[in-house]
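Below you'll find the structure, written out as structure tokens, and then a few comments.
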Amino acid sequence: MCGIVGYVGSRDAAPILVDGLRRLEYRGYDSAGVAVLGDDGLQIVRCEGKLSGLEGCLATKPLKGTTGIGHTRWATHGRPSEQNAHPHNYQGVAVVHNGIIENHLQLKQLLRAGGHSFSSETDTEIFAHLIASELADVTRSKGLEKNTTGNGLLAEAVRRALRKVRGTYALAVLREEDPSELVIAKNASPIVLGRAEGAWLVASDVPALLPYTRDIIFLEEEELATVRADHVELESFDGIPIERAPTRVDWSPVMAEKNGHKHFMHKEIHEQPRAIADTLRGRASVETGDVHLEDVGLDEQSARSISRIVVVACGTSWHAGLVGKTAIEQLARLPVEVDLASEFRYRQPVIDESTLVIPISQSGETADTLAALREARRLGAGSLAIVNVVGSAIAREADHVLYTHAGPEIGVASTKCFTTQLTALILIAIRLGRLRGTLDSGQARAHLENLSKVPGHVEEILGREEDLRSIAVSVSSSPNFLFLGRGSSFPIALEGALKLKEISYIHAEGYAAGEMKHGPIALIEDGLPVVIIATRHGTYEKALGNLEEVRARGGRVIAVATSEDNDIGSLADDVIWVPDGGSLVDPILAVVPLQLLSYHVADYNGTDVDQPRNLAKSVTVE
Ligand code: AGP
């Protein structure tokens, strides 16, 4: 939820740190800062506000030095301000941190009792005090001179400090006396290493490293690394050395850039044909009607041993789970529950070895979803995660992972990750249906045929963007919206409402269309925009009935309809046409117009589409 970067090499660190932070701004952006070690010792510059503020400060006070750490913040303790911005330092130890120290109050009291005083409201500053104190103790206990460097002293001091801390952290630490190294540590918040030419880099997330390297080492829980220009030493918190070769990440730097689009979100909406195609690639054989997911633990024996499935997720990923429920129950005849991850572990869930838990998370770092996965595993469930970020915590802790190959999703509002999650869930539904004998090869072939056409259908919908933009502009001043859907379009109505809310700050509700008469119809008044998903599947006739109920009360109906539908044009004020892709993939096609509608309303109204207020791309706190 905050962005961390670090560099140890032969080039000036400050520009590299700022460039890395720029690529991590979606992780949090209420203040930023860097610490650099050079001939002038430890130099720290911090600024409240977005990264451009820090760049302005550095323009007037350039920092020289080849070792450094940087941070872009999303506040959890202490309001956004320069004094609360990271890095925090004490007696020459500087730290940047992503996460929460749960026992920060007790630690602060202990340190104050020992004569320490604090200059910020943050929990993070405690790390600087703890590590500096431990460094002095470790140096003294080894009979070394006060400012002795190397000898693994900083790593040992960090290890000892972490034993006193309860909480979550990705941490990067440097000390003034020793510009040759920095130390990083991980527990529940992501941090990765990148091997570059004559340097090693550190970051919270892969995109920050892509311009310099694609050779990435992912730290696991309770691991620590000493980072130098020519090598890194990985170890456990117990000091046991760990050997881990870099993973080759195939995201090019350009993929993580905007590619000429005005916003990351717009780029990512338009990337969906490729993202869906990449998620399908190598996993489906239309000819044989088979889905190849052996590598994710879905084999005959496991498929038959599953008695039920529980999906745990948050936000948009939870909406994906609701769509997946329909697909899996229809094709594999397996009961599926879809739980909000933030509720799951507090309701004493009934889970056993025959339950398959499916955590869905694009970031793979959402604290609530990670905690739900851990609880499900503790109760004996098997787990298959659907995740977009290679090596993320949820990916590493689940028994198996089905990666959506959406590539980096920078916009806070999830779009291509959502449609690739739906794609992954359909693959799982077909695979389970085939393994459990509830779906024959002919039926599977038909579904896979439809699935293989989705990228082309999405391209066709994107080709109608201008129509959508004009509808969006015409309703952009409405203070309220209603989104209605039935069956597997109900979660799409929820998703359409969430997209609009989170990037345009306009109130919107998603509702099951059949529920209209049980209350929401009281909301209908002249001009209220009501988006109804009325594609030619399932309960189409019922959706028409809802549409007429809305029209009769003065609502402005924006219908998402199937291209060949000749009836709906006379009933709706505006129609957004989508190809008939078949009922299983209908939700993927129906959501794309809603993504574009929310994007253009927000863009027209001038809100911050990629970094909406109060939001962060990955919510790594509960
Ligand atoms: C989606 O547009 C939102 N930004 C949010 O609801 C998000 O889906 C949720 O926080 C879950 O994130 P995850 O998929 O990374 O777990």
Side-chain angles (χ1 to χ4, degrees), residues 265 269 311-329 336-344 358 360-362 366 368-369 386 412-423 425-426 478 480-516 518-521 523 528-535 537-539 542-543 546-547 550 555 557-560 576 578 583-599 601-602 612 615 619:
M265 183 182 176
I269 289 172
V311 172
V312 290
C314 301
T316 287
S317 297
W318 180 70
H319 297 154
L322 293 173
V323 176
K325 168 187 170 71
T326 304
I328 294 170
E329 288 187 343
V336 179
E337 275 182 61
V338 184
D339 237 317
L340 286 170
S342 54
E343 296 290 323
F344 176 77
I358 301 181
I360 303 175
S361 173
Q362 64 81 18
T366 299
D368 286 320
T369 309
I386 297 176
V412 165
S414 189
T415 50
K416 62 177 180 174
C417 285
F418 177 65
T419 49
T420 53
Q421 287 168 349
L422 299 187
T423 304
L425 285 159
I426 291 171
S478 304
N480 294 294
F481 280 71
L482 200 53
F483 289 75
L484 302 177
R486 283 176 174 265
S488 57
S489 294
F490 167 38
I492 302 305
L494 295 174
E495 174 60 11
L498 176 61
K499 286 283 107 31
L500 187 68
K501 274 182 278 203
E502 66 178 324
I503 64 173
S504 69
Y505 317 148
I506 293 174
H507 177 254
E509 275 196 79
Y511 241 94
E515 277 295 287
M516 276 289 289
H518 301 288
I521 201 161
L523 291 173
L528 173 75
V530 179
V531 180
I532 299 183
I533 300 156
T535 48
H537 292 291
T539 50
K542 300 274 187 197
N546 297 127
L547 192 154
V550 171
V557 174
I558 300 168
V560 178
I576 305 164
V578 297
S583 60
L584 199 63
V585 303
D586 209 39
I588 300 177
L589 304 185
V591 76
V592 176
L594 307 191
Q595 295 168 342
L596 287 169
L597 182 71
S598 60
Y599 171 80
V601 168
L615 293 179
V619 183

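Along the sequence shown, residues are numbered consecutively beginning with 1.
Atoms CG and CD, from N546 and E515 in turn, are 10.5 Å apart once rounded to the nearest 0.5 Å. We find the CG-CZ distance between L322 and F490 to be 7.0 Å, quoted to the nearest 0.5 Å. Atom-to-atom distance recorded for I576:CD1 and L596:CG is 9.0 Å, nearest 0.5 angstrom. Annotation: the span from W318 atom CH2 to T366 atom OG1 amounts to 15.0 Å, rounded to 0.5 Å. Separation of atoms CG (D586) and CG (L422) is listed at 11.5 Å; rounding is to 0.5 Å. Considering OG1 of T369 and CG of L340, their distance stands at 9.5 Å, rounded to 0.5 Å.
Residue pairs meeting the salt bridge (charged side-chain N to carboxylate O under 4.0 Å, His left out) criterion with at least one partner in residues 484-497, sequence neighbours excluded, are E495-K499.
With contacts defined as side-chain heavy-atom distances shorter than 4.5 Å, the pair Q362/T316 does not qualify. When side chains are defined from C-beta on, V531 does not count as touching L500, because their heavy atoms never get closer than 4.5 Å. Contact annotation: the side chain of V619 never approaches that of D368 to less than 4.5 Å [non-hydrogen atoms, C-beta and beyond]. Contact check for V585 versus I426: side-chain heavy atoms found under the 4.5 Å cut-off.
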Decide yes or no on side chain to side chain contact (heavy atoms under 4.5 Å, CB included) for I492 and V560, but give the supporting numbers first. CA-CA 11 Å; I492 302 305; V560 178; over 6 Å; no
List the steps, then state whether side chain to side chain contact (heavy atoms under 4.5 Å, CB included) holds for V530 with L484. CA-CA 7 Å; V530 179; L484 302 177; 3.7 Å; yes
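Tested against Q421 for a side chain to side chain donor-acceptor pair (under 3.5 Å), the candidates S361, S317, S414 yield a single pass: S317.
F344 meets the ring-ring contact (aromatic ring centres under 6.0 Å, His included) test with no other residue; sequence neighbours excluded.
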